[in-house]
Amino acid sequence: MRHTAASVLLAQGVPARVVMEILGHSQISVTLNIYAHVAPEVAREAAARLEGALWSGE
């Protein structure tokens with residue numbers, strides 16, 4: 001359940017620091033390295049945002 005909670009919260013855009021506090025971790029590295037995985041749709045969204053930021057003036 002903790003793995004799922006961390007992954008879903010991060011995929012919904014909840015800041016990692018908030019997820020860390022919800023799960024009760026003392027270090028953010030625990031949250032990010034053990035419980036959170038980048039879902040393909042989140043990676044695509046990040047790439048699209050970067051593309052928009054870099055080439056929005058064209």
Side-chain angles (χ1 to χ4, degrees):
M1 294 300 288
R2 294 171 62 83
H3 180 91
T4 301
S7 297
V8 169
L9 289 169
L10 290 167
Q12 294 297 313
V14 176
R17 183 79 180 175
V18 174
V19 175
M20 179 195 89
E21 291 181 14
I22 289 171
L23 295 177
H25 296 149
S26 60
Q27 297 179 359
I28 201 162
S29 62
V30 173
T31 306
L32 295 175
N33 292 334
I34 297 175
Y35 292 101
H37 299 281
V38 177
E41 62 273 7
V42 175
R44 281 192 293 275
E45 175 65 24
R49 287 184 185 196
L50 180 58
E51 178 183 24
L54 294 175
W55 290 284
S56 62
E58 293 185 4

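These numbers come from a predicted model, not from an experiment.
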(message) For Ala5 versus Leu23, what's the shortest heavy-atom pair and its separation?
(response) CB-CD2, 4.5 Å
(message) Please enumerate all residues that pass side chain to side chain donor-acceptor pair (under 3.5 Å) together with Glu45, with sequence neighbours excluded.
(response) Arg49
(request) Could you list the residues that satisfy side chain to side chain contact (heavy atoms under 4.5 Å, CB included) with Gln12, not counting sequence neighbours? (result) Val8
(request) Would you indicate whether the side-chain heavy atoms of Leu32 and Leu10 approach each other to under 4.5 Å? (result) yes
(request) Heavy atoms only: give me the nearest Gln27-Met20 pair and the separation to one decimal. (result) C-SD, 3.6 Å
(request) Could you note down all residue pairs passing salt bridge (charged side-chain N to carboxylate O under 4.0 Å, His left out) where residues 12-21 supplies at least one of them, sequence neighbours left out? (result) Arg17-Glu21
